Amino acid sequence: METIFENQIIPMPRIGDKAPEFKAVTTQGNIDFPKDYNGKWVILFSHPADFTPVCTTEFMTFAKMEKEFSDLNCSLVGLSVDGLYSHIAWLRTIKEKIEFRDMKNIEVKFPLIEDITMEVARKYGMIQPGESSTKAVRAVFFIDPNGIIRAIIYYPLSLGRNFDELKRALIAMQTADKYAIATPADWRPGEDVIVPPAGSCGVAKERMEAEDVKCKDWFFCTKSLPLN
Ligand code: BEZ
């Protein structure tokens, strides 16, 4: 996959790739990405523009949930192709004036990258000219503690993200890493997980006989995880 920008072909990062490196100015100072986040999960996300309503609701929701993400060892980093002073003015306006659902007086404390040159947005395939060549789409990159891209979700400009899903996806990936399992459709924390399919006849037999595994067939086995 690639995007073509001013006749230049830019490959789009994929799941399993190392997160492209960049240095940037943000509303919380300079960052060296992903180096500054070694050992942590990061959600790097783009939004189309400051002072737009859908983006405002998204930032308020992310800011409200920031503690939930940091409790999961996950930092949030936002980006749009606006400048630093626009970012600062927008975040101040959100805190001072905007109410949405049960949220008001919301302070955005995570970094918001200024990317007027679109250098970072292009590196991450956030500019998708079929949707807009002047604004980033709503991209979400989940980057693991080793700096590897683990999941990517894109939304069009008109669609505000579902933040419960972002949190669910993060927990599911962390759970899969910790227990070497997979998670089924619509999995929620606390529910049974999928035991990866057996790779040999011997393993298939063992699995069908194991006490802690529930199998409907040799390839379809689930188990519960310790409560934590
Ligand atoms: C918004 O965030 O409201 C928005 C941004 C760009 C296009 C459409 C909506």
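Each residue takes its place number in the sequence, starting with 1. The structure presented is a predicted model; accordingly, all values stated were derived computationally and were not measured. Whatever order the structure lists them in is the order used to number ligands and atoms, beginning at 1.
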Which protein residues have a heavy atom under 4.0 Å from ligand 1? Pro48, Thr52, Pro53, Val54, Cys55, Arg138, Leu157
Between Phe45 and Phe59, what is the ring plane arrangement, given parallel below 30°, perpendicular above 60°, and tilted in between? tilted
So among Ile148, Ile15, Val42, Ile153, which one has a side-chain contact (heavy atoms from CB on, under 4.5 Å) with Phe142? Ile153
Can you find a heavy atom in the side chain of Tyr179 that is under 4.5 Å from one in the side chain of Lys223? no
Is the shortest side-chain heavy-atom distance between Val140 and Ile43 below 4.5 Å? yes
Do other residues, nucleotides or ligands put more than 12 heavy atoms under 6.0 Å from Lys205 NZ? no
Backbone N or O of Asp192 within a donor-acceptor pair of the Ser224 side chain at under 3.5 Å? no
